[in-house]
Trainee: 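Take this structure, written in structure tokens, and hold onto it; I'll ask about it next.
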Amino acid sequence: MLREGRIAAVQQEPMAMDFTEATMTAKIAAATHGWRAKCLQRLIRLEMPVPHTVALPFSTVRAIAAGKKLNNTGLLALFGSGALVSVRPSPENPAWGGPATVLNVGLNAERHAQLTQSHGQAAADAMYLRFVQGYAVNVARLDPDMFASPAPKAEALAEALRRYEDEMDEPFPQDPGRQLSEVLRSMARAWEGTSARLLRQAKGAPDGAGLGLIVQEMAQGFGQGLSGAGVIQFVDPLLGLPQITGRYLSQSQGRDALRRTEAIYLTRDKRGASLEEAAPDIFADLLRYGAICRKGLREEMQIEFTIEDGNLAVIDAVRVPRSARANLRIAVALANDGVISEEEAVMRVEPRSLAELLHMQVDPRGPRDVLVKGIAASPGAATGVLVFSSTEAQTLAARGESCILVKRETAPEDIRGMHSAAGVLTERGGMTSHAAVIARGLGLPCIVGASDLRIDARLGLLTTPDGRKFREGERITVDGTTGEALAGVVDMLPPGQDDSFQTLLGWADRVRDIGIRANADTPSDARTARAFKAEGIGLCRTEHMFFDADRLVVMREMIFADTAQDRAAALALLLPMQRADFTELFSIMQGQPVCIRLFDPPLHEFLPQSREGLRDLAEALDKPLSDVTRRAEALSEVNPMLGMRGVRLGVVLPEIYDMQARAIFEATVEAARQGSPVVPEIMIPLVSARREVELVKTRIDQLAAAVRTQTGASFDYKLGVMVETPRAALRAGEIAQHAAFLSFGTNDLTQMTYGLSRDDAGRFMNTYVRQGVFTEDPFHILDVEGVGELLLIGAERGRKTRGDLTLSVCGEHGGNPESIDFCRQAGFDYVSCSPYRVPQARLAAAHLALRGRNLRAEAAGRPQQSSAAAE
Ligand code: PEP
Ligand code: MG
């Protein structure tokens, strides 16, 4: 029954449906007939035994959906009288789905009787039953439960036909022409339905995405000799390693082999029978076809096959569904084998998918009991016992127990608690609030802005939106990739960075044309940054170095100093600690640039927040509690983001910056002595006026001169400005007179441009995005229209003053592919992001460079290579 592979393209005249039977050279493209049509044509070109196939283009399917009556006679005639056919969807991109396949179209009582003669009763019943079920559910839209039948028995067939007649008030259609028309019509209309449209749009399909349909002669998996159907693939879908998997089921059709327990293995297997043993020649052919497909389609394919009386047919092939990790490994293996180029391998890995390789993930196959949904602030997943304070997190960590820190919001004093926790969940906050920024830096799964939660830290109680209560000590799971907190312990998939990961990123580095640095505050961050091959540190937030217990006390002494002398004494204690910090950073980074931001946060962030904490502090400082409380109240600000912080502290209390600058310079001398010479970059935060820079620069230059004299060593350094206020961007021209570099702190710049608090915006951001006020959360995706314009203005005015001005972004946007695109086009030198986002940024930058190159090549009329299977 199988004919040599041929494919016919249905002409685009919907009324008549005139068919021109075509050969391997038929004009079929993914853009007009869908990916499956193109893929099947390629299989035919590769001389696979593909049954006779006809492709209906998008235009024809659209006409069918619009209610055009079609004359199917020509189409059916093409297959010969009495042929049975299958109808499969063929959208442009396989990810966009499509209606369910219908098998055995053309079967009626007469054909059933013939098949009973030729194939036996059981096979004939099974085939007819399958069609009746498919037709009833997918075409007549009857309840699937009514037609579910455990076994293809004669009674099941009679029952299904009876039910159809009862429900539809007419006998099951017997005319093959009507059957095919109805199947085509229902599939075409299903594609136009609202839910199908929304579903595919969520997967990136454009508004007018079309559907092609494939009508293919059935290659039966039933027969007197060796007959059956199966699916084979040549890589493991989870890890991407070479491995033959799949199943074969005798006397079956479609993908039954994957669902039924009687199916046998493909390769020889200790656990039971295999196709390799039952039909070694056919098995050898399958292996051969697999290899041809891999090379010819330049992809790892899953092949659907049937055997009818010992004759093998390849009826379909799809790209092996795979995890992110398997996808990366497959791309690298294909490039290593010369099947695709290294650059194509780079393009085949979606930058955001790398998060799956860097962090634990909740196993998508397991059950999920969702407690609450918030903002997915830092990817990965962790399970642990609930704790409501940083102190408790530290206590549990000391006992080696994994815990989830749940707080209304975190503050700088929670840093140690966050270090101790396996995951973080906060009620308040947005993408750039404290918890989010720190968690991303630590690679810690984190959900923020879960505003439907009720947290009672005093009672140690968490109440979910549906009223469930979880107490301190109970286990929950934080899924920072989806933003969902889950009840209890769930199955996890471990992270996996192997040689392929390093290889692919190495290829990416060869083509990218913008620098990628990491935001790293501690030696451990710096080590992570180096491991991920960041090209230096773009932002070291020095305040994070002051939260170790011993330093915090000294820091508080400095804050509470009554006289300049007392302050100097406290700073003198901090100096060696900072010097040691910087020396270690320089030594880890081995000469790579390190950009150190001078102290930024308001001082009150270093003070205890609870009454007990203030009492402890009073004791430690040997001062009356009332004094300490009064002072703490005087320092506290309602909106800590716009007050005495950043360079304002540097101007009002210059001793702090003096100490930091001295520590940096002394560490520079020390690093050179230890063999890691460095040109440190010192960055002034929250600048809004040139005079601020002048004041700070004068003192820093003096300190550099003093350290040079004292140590007899010579060193260079660069002084730059963090552009975080709109005014700094507007006045970049004059600010650049005193700055070797400008680094845009887009977290604060977004906050100030919008007049939105980065800590509170999470409360209404969802509503704002849902109602289309903002297209995206601007703390997450750079607002190229507003904030972006400030970046462009700042860059242009700055570079006008100083042609060699280094430009960068160090806000959280730095790791996003969209922001990297913007910065690259604006001629920025580098972006800097959390260490765990560096791999994603490296890959995204490579994609942009390659895309740019392809566009230029296209404009010059040179053809581009692309994935054959996906085309
Ligand atoms: C910024 O504001 O973009 C920034 C990087 O600094 P921080 O997040 O520490 O305020
Ligand atoms: Mg900032």
Side-chain angles (χ1 to χ4, degrees), residues 377-378 409-412 415 418 429-442 446 448 517-522 525 537-547 595-602 605-606 637 639-650 681-688 692 720-729 741-761 777-783 786-788 790-791 794 807-816 819 822-823 828 830-835 837 841:
S378 176
E409 63 193 325
T410 62
I415 285 193
M418 290 183 71
M431 280 308 280
T432 57
S433 61
H434 180 265
V437 172
I438 299 298
R440 277 199 294 277
L442 296 175
C446 175
V448 299
R517 293 197 196 177
N519 294 350
D521 310 330
T522 62
D525 292 349
I537 294 178
L539 171 65
C540 170
R541 294 173 162 106
T542 49
E543 59 272 16
H544 293 165
M545 296 167 160
F546 294 106
F547 283 98
C595 182
I596 298 167
R597 177 178 77 183
L598 298 174
F599 195 85
D600 183 36
E605 289 201 349
F606 292 84
E637 297 178 7
N639 186 337
M641 291 304 167
L642 294 176
M644 253 281 269
R645 56 169 284 213
V647 69
R648 297 161 199 172
L649 271 172
E681 297 170 7
I682 300 177
M683 182 153 76
I684 313 172
L686 217 78
V687 165
S688 58
E692 290 168 327
V721 163
M722 218 170 155
V723 180
E724 300 178 279
T725 65
R727 193 175 191 283
F741 60 90
L742 296 183
S743 188
F744 291 82
T746 46
N747 303 335
D748 273 312
L749 192 56
T750 300
Q751 165 165 274
M752 292 188 217
T753 305
Y754 277 84
L756 264 181
S757 156
R758 46 201 271 199
D759 293 317
D760 297 332
D777 174 351
F779 289 110
H780 183 33
I781 303 284
L782 183 73
D783 157 45
V787 180
L790 284 170
L791 258 61
L807 295 172
S808 61
V809 159
C810 65
E812 288 303 301
H813 303 91
N816 285 344
S819 319
F822 182 87
C823 292
F828 279 42
Y830 69 88
V831 294
S832 188
C833 56
S834 310
R837 301 179 87 200

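Everything quoted here is computed from the prediction, not taken from an experiment. Atoms within a ligand are numbered from 1 in the order they appear, just like the ligands themselves.
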Trainee: Roughly how far apart are H434 NE2 and E409 CD, rounded to 0.5 Å?
Mentor: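 Answer for the NE2-CD pair, H434 versus E409, is 10.0 Å.
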Trainee: For ligand 1, which atoms, with element, lie under 4.0 Å from some heavy atom of G811?
Mentor: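 By the 4.0 Å cutoff, the relevant atoms are 3 (O), 5 (C).
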Trainee: Is the ring pair F606/F547 parallel, tilted or perpendicular, if the boundaries are 30 and 60 degrees?
Mentor: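 F606 vs F547 ring planes: parallel.
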Trainee: Please give me the minimum heavy-atom distance between G538 and S832, naming the atom from each residue.
Mentor: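 Minimum heavy-atom contact is CA-OG, 3.2 Å.
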Trainee: Tell me, which protein residue and heavy-atom name are nearest atom 9 (O) of ligand 1, and how many Å apart are they?
Mentor: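 Looking at atom 9 (O) of ligand 1, the protein heavy atom closest to it is R541 NE, 2.7 Å.
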Trainee: What are the two closest heavy atoms between A518 and P835, and how far apart are they?
Mentor: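 Minimum heavy-atom contact is CB-CA, 4.2 Å.
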Trainee: For the backbone of A435 and the side chain of T410, can you confirm whether one donor and one acceptor N or O come within less than 3.5 Å of each other?
Mentor: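 Here the side-chain-to-backbone pair exists.
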Trainee: Please confirm whether V437 approaches ligand 1 to less than 4.0 Å, judged on its heavy atoms.
Mentor: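 False for this residue.
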Trainee: Could you check whether any heavy atom of E812 sits closer than 4.0 Å to an atom of ligand 1, since that is the contact criterion I want to use?
Mentor: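 E812 does not count as a contact of ligand 1 under the 4.0 Å cut-off.
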Trainee: Mind checking how many protein N/O/S atoms fall short of 2.8 Å from the Mg ion (ligand 2)?
Mentor: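 Number of qualifying protein atoms: 2.
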Trainee: Hey, is E812 close enough to R758 for a salt bridge, meaning N to O under 4.0 Å?
Mentor: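 Looking at E812 and R758, the cut-off is not met.
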Trainee: State whether the shortest distance between N or O atoms of E724 and N or O atoms of ligand 1 falls below 3.5 angstrom.
Mentor: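 Min N/O separation from ligand 1 is below 3.5 Å for E724.
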Trainee: Quick one: look at D748 and ligand 1, take heavy-atom pairs under 4.0 Å, and tell me if it's side chain, backbone, both or neither.
Mentor: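 Both parts.
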Trainee: Measure across M752 and P726 and return the closest heavy-atom pair with its distance rounded to 0.1 Å.
Mentor: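 Nearest pair, atom of M752 first, then P726: CB-CD, 3.7 Å.
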Trainee: Below 4.0 Å from ligand 1: does a non-hydrogen atom of Q751 turn up there or not?
Mentor: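 False for this residue.
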Trainee: Find all atoms of ligand 1 within a distance of less than 4.0 Å from any non-hydrogen atom belonging to L539, and give their numbers and elements.
Mentor: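 Listed by number with element: 5 (C).
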Trainee: Quick one: do R645 and D748 make a salt bridge, cutoff under 4.0 Å?
Mentor: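 Yes, R645 and D748 are salt-bridged.
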Trainee: So, for G745 and M722, which heavy atoms are closest and what is the spacing to 0.1 Å?
Mentor: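 Looks like CA-CE, 4.0 Å.
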Trainee: Near R758, which atoms of ligand 1 are under 4.0 Å from a heavy atom of that residue?
Mentor: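 Here the atoms of ligand 1 in question are 2 (O), 7 (P), 8 (O), 10 (O).
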Trainee: Counting distance only, does the side-chain N/O of N519 pair as donor-acceptor with the main-chain N or O of C810 below 3.5 Å?
Mentor: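 Judged by distance alone, yes, a pair lies under 3.5 Å.
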Trainee: Is it the case that the side chain of S378 and the backbone of A436 share a donor-acceptor pair, with hydrogens and angles ignored and the cut-off at 3.5 Å?
Mentor: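 A pair under 3.5 Å: no.
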Trainee: Looking only at protein heavy atoms, identify the closest one to atom 6 (O) of ligand 1 and say how far it is in Å.
Mentor: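 Protein heavy atom with the smallest distance to atom 6 (O) of ligand 1: R597 NH1, 2.9 Å.
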Trainee: So which protein heavy atom does atom 4 (C) of ligand 1 come closest to, and at what separation?
Mentor: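 Checked against all protein heavy atoms, atom 4 (C) of ligand 1 sits closest to M722 CE, 3.4 Å.
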Trainee: Quick one: look at N519 and ligand 1, take heavy-atom pairs under 4.0 Å, and tell me if it's side chain, backbone, both or neither.
Mentor: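 Under 4.0 Å from ligand 1, N519 contributes no heavy atoms.
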Trainee: G745 versus ligand 1: do any nitrogen or oxygen atoms come within less than 3.5 Å of each other?
Mentor: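 Among all N and O atoms of G745, at least one is under 3.5 Å from an N or O of ligand 1.
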Trainee: Give the minimum heavy-atom separation between R837 and N816, together with the two atoms involved.
Mentor: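 Closest approach of R837 to N816, heavy atoms only: NH2-OD1, 2.5 Å.
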